[in-house]
Structure formats: C-alpha cells, structure tokens
Amino acid sequence: MGDIVPANRAPRPGGIEINDLFNWFTFAERDLPWRAGDVTPWQIVVSEFMLQQTPVTRVLPVWPEWIARWPTPSATAAASQADVLRAWGKLGYPRRAKRLHECAAVIAREFADTVPDDVDTLEQLPGIGSYTARAVACFAYRKPVPVVDTNVRRVVARAVHGQAEPGNPSAKRDHADVAALLPGPDQAARFSAALMELGAIVCTARAPRCEACPLQHTCRWRLDGSPPSTAPKRPTQRYAGTDRQVRGRLLDVLRDNPVAVTRADLDVAWTVDVIQRERALASLLQDGLVEELADGRYSLPGQDRNDSTASR
DNA sequence: AACACGTGGAG
DNA sequence: TCTCCAAGTGT
C-alpha cells in the first residue's frame with residue numbers, strides 16, 4: 001500500500017525502490033499475449049523457448065499461431081519434427097524448436113501432460129536451463145524464485161553495483177543479487193516481470209533512457225555519472241560466412257520444400273566453400289535437424305515421404 | 001570457461 | 001555498410 005519510507009529520507013544509492021518500479025510498471029507494461037490471464041504454464045514454456053536470444057517483436061506473430069495449433073505438450077509431441085521446424089520458421093536457433101519438441105514429449109509422457117512447477121525438475125528438461133526454469137516457476141506458478149536474464153543482470157549491474165555492464169554471468173552471484181532484492185512471495189512474480197521489462201525498454205544495453213527510468217534517483221550508476229564500461233570489448237565474430245549461416249541456408253532449402261530434396265538442391269545453397277558446406281550438413285545431420293533418406297535425398301526429420309516416388 | 005548456435009532490426 | 005545485440009542452453 002502506502003510508501004512506508006519516510007518522505008524526508010534521502011534516496012539510498014544502489015537500492016531499488018519497489019514502489020517506484022511498480023508504479024512505472026503499472027503504466028509501462030507491454031500488452032504481450034503470453035501475459036494474458038488464460039495462458040497455461042505450457043504456453044508460457046513455449047514463449048520462453050521462443051524468446052531465448054530472440055527479440056519480442058519476432059516472437060509476437062509466431063507464438064499465437066503455434067499455441068492455436070499445439071496448445072498442450074501432448075499435442076506438440078504428436079506433431080512431426082518437420083512440422084515443428086517449419087512452424088518455428090525463421091526464429092533462429094532451430095535446435096530450440098527440436099528441444100521444445102523433446103521437452104513436450106517428456107512432459108506428456110512422464111508428467112501427465114502437466115508442466116512441473118519446481119525449478120530443479122524443470123532444469124532437467126530438454127532446452128530448459130537456469131533462466132527458463134525460474135521464469136516458468138515464477139511466471140506460470142508464481143513461485144518467489146529469482147529470475148535472472150540478460151535484462152535483469154544489466155539493471156542490477158547499473159542500479160545496484162554502479163557498473164555500466166554486468167560482468168561475466170555467475171549463476172550463484174546473480175541469483176543471490178536478485179534474491180536479496182525480491183519482495184514478499186505475493187509480489188515476487190510482478191517484481192521480476194517489472195525488472196525484466198525495465199531492462200527491455202528503458203535500461204537498454206545500447207542507449208538507456210535514464211530520463212524515463214523510475215529508478216533514476218537511486219540508480220548507483222546514474223548517481224555516479226554513468227561511467228562507461230571498463231571491460232575490454234572482445235572482438236566480435238562476423239556472422240557472414242560462418243557455419244551458422246551455411247546451416248541456415250541449408251535448412252532454408254529443406255523448410256521451403258514440401259518434399260525431400262536431392263543433394264544437388266542442397267549444394268546450390270552454398271557454393272563458396274564446399275568443405276564448409278559438407279561440415280554444415282554433417283552437423284545438421286548430427287543434431288538431428290536433417291534426415292538422410294535411403295534413396296540419398298534429404299528432408300526435415302519425420303517428414304512425409306510418399307512424394308516424388310508416387311509421381312513416377 | 002569459452003564457444004557454437006540463426007536471424008534481422010536498429011543506429 | 002557494419003557493428004551491436006535480442007526473455008540462453010549445451011558441451
């Protein structure tokens with residue numbers, strides 16, 4: 001309810017005033033579909049998979065269609081890998097789609113189609129790591145656990161520690177940092193959602209909008225004059241020409257073709273470096289994202305095979 | 001611990 | 001154009 005902090009008390013540097021944060025969140029919160037009241041824990045799991053390393057704007061059009069098509073773990077598990085990979089589309093990191101599919105199968109088979117609610121069990125599931133396990137426990141089941149993603153790490157680094165950027169991820173330290181800030185159990189989920197939201201739309205990595213920040217009067221970094229990062233910037237690897245790009249091109253061909261394709265069809269997708277193309281294809285086969293048929297053609301795993309042979 | 005793993009929008 | 005980076009996970 002009311003602010004219990006005396007009005008004449010000076011703001012405490014390095015603190016996060018929960019009233020300031022909540023007041024801001026009340027009007028600033030984005031109306032994201034996976035935050036609606038009738039969204040199930042599984043559907044929240046799907047959103048978390050899609051949001052791993054992927055901007056909200058790219059997930060926005062995909063999630064609703066996915067949920068409408070496969071609303072439960074068992075429905076998802078019943079789909080073919082090919083259908084799942086196609087529905088994933090260009091979200092990136094297709095291994096996530098495969099793991100989501102596997103995760104659905106485990107939950108359907110071993111957990112009676114019900115998403116587990118505790119962090120330790122969640123972390124054992126395919127594709128669910130430290131962040132996603134806590135996000136699901138918190139946002140789907142309202143468990144008061146620290147939820148630490150890149151946004152939270154950045155907000156804490158600045159507001160609490162006065163650092164422009166978070167240091168290297170350390171699960172132990174990161175969780176302790178946030179656990180120390182967590183309000184009572186009934187407010188923990190809202191607190192984490194607000195902290196993530198703040199990092200996503202105000203306390204951004206590139207150009208933070210400190211004038212619009214509800215924490216500007218207590219943010220230690222801001223109070224210290226927003227000192228630049230002292231961390232040495234490691235050389236960034238270019239994407240163009242990497243195996244990742246080649247894998248993406250090969251998968252593009254397979255996604256776009258409703259029937260299995262020939263080796264020649266794949267070969268034209270990347271001609272600049274044959275060795276690299278071979279390596280990329282081998283890794284896709286290894287990852288189970290591509291399947292080689294008995295006749296030497298290739299397709300997404302589990303794809304319907306009665307195609308070109310039937311037309312002969 | 002460091003690195004691989006997609007994609008595309010923003011500045 | 002080119003760099004940065006977006007709700008991480010697995011090895």
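The sequence lines fix the lettering, A, B, ..., with proteins before strands; numbering per chain opens at 1.
When the P atom is compared between dA7(C) and dG11(B), the two are found 15 Å apart, to the nearest whole Å. One P atom belongs to dT9(C), the other to dG8(B), and the distance between them is 23 Å to the nearest Å.
Taking atom NZ of residue Lys90(A) and atom P of nucleotide dG9(B), one finds them 11 Å apart after rounding to whole Å. Regarding Asn168(A), its CG atom lies at a distance of 13 Å from the C1' atom of dC3(B), rounded to whole Å. Atom CG in Leu85(A) sits roughly 12 Å away from atom P in dT7(B) (whole-Å rounding). Taking atom CH2 on Trp270(A) and atom C1' on dG6(B), their separation rounds to 13 Å, with Å as the unit. In this structure, the CG atom of Leu60(A) is 14 Å from the C1' atom of dG9(B), given to the nearest Å. Taking atom CZ on Arg279(A) and atom C1' on dC5(B), their separation rounds to 14 Å, with Å as the unit. In this structure, the CZ atom of Arg209(A) is 15 Å from the P atom of dA10(B), given to the nearest Å. Computed from coordinates, the Arg238(A) CZ to dA4(B) C1' distance equals 18 Å when rounded to whole Å.
Using a 4.0 Å cutoff on non-hydrogen atoms, the parts of residues 242-251 of chain A near DNA chain B are Asp243(A), Arg244(A), Arg247(A), Gly248(A), ordered by number.
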Could you give me the CA-CA distance, side-chain angles and deciding distance for Arg238(A) and Thr242(A), then say whether side-chain hydrogen bond (donor to acceptor under 3.5 Å, both in side chains) is met? CA-CA 8 Å; Arg238(A) 191 172 303 288; Thr242(A) 61; over 6 Å; no
Yes or no on salt bridge (charged side-chain N to carboxylate O under 4.0 Å, His left out) for Arg153(A) and Asp174(A), after CA distance, side-chain angles and deciding distance? CA-CA 7 Å; Arg153(A) 280 167 38 72; Asp174(A) 294 341; 3.0 Å; yes
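Residue Pro94(A) is classed as a sugar-phosphate contact, given heavy-atom separations below 4.0 Å to backbone atoms only.
Stacking of Arg244(A) on the aromatic ring of Tyr239(A) is not recorded, the 6.0 Å distance cut-off and the 45° axial limit not both being met.
Between Arg249(A) and Asp252(A), no side-chain nitrogen of the basic residue sits less than 4.0 Å from a carboxylate oxygen of the acidic one, so the salt-bridge criterion is not met. Salt bridge Asp118(A)/Lys143(A): absent, no basic N to carboxylate O contact under 4.0 Å. Taking a cutoff of 4.0 Å between a charged side-chain nitrogen and a carboxylate oxygen, Asp267(A) and Arg277(A) qualify as a salt bridge.
Side-chain contact check for Leu266(A) versus Leu254(A): some heavy-atom pair is nearer than 4.5 Å. Residues Gln43(A) and Thr40(A) have side chains in contact (heavy-atom distance under 4.5 Å, counting atoms from C-beta outward).
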Counting primed atoms, P, OP1 and OP2 as sugar-phosphate and everything else as base, the B/S/- map of nucleotides 5-11 of chain C against protein heavy atoms under 4.0 Å is -BBBSS-
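A close approach under 4.0 Å does occur between a side-chain nitrogen or oxygen of Arg255(A) and OP1 or OP2 of dT7(B).
For the residue pair Thr132(A) / Gln52(A), a side-chain donor-acceptor distance below 3.5 Å is found, with atom types taken as modelled.
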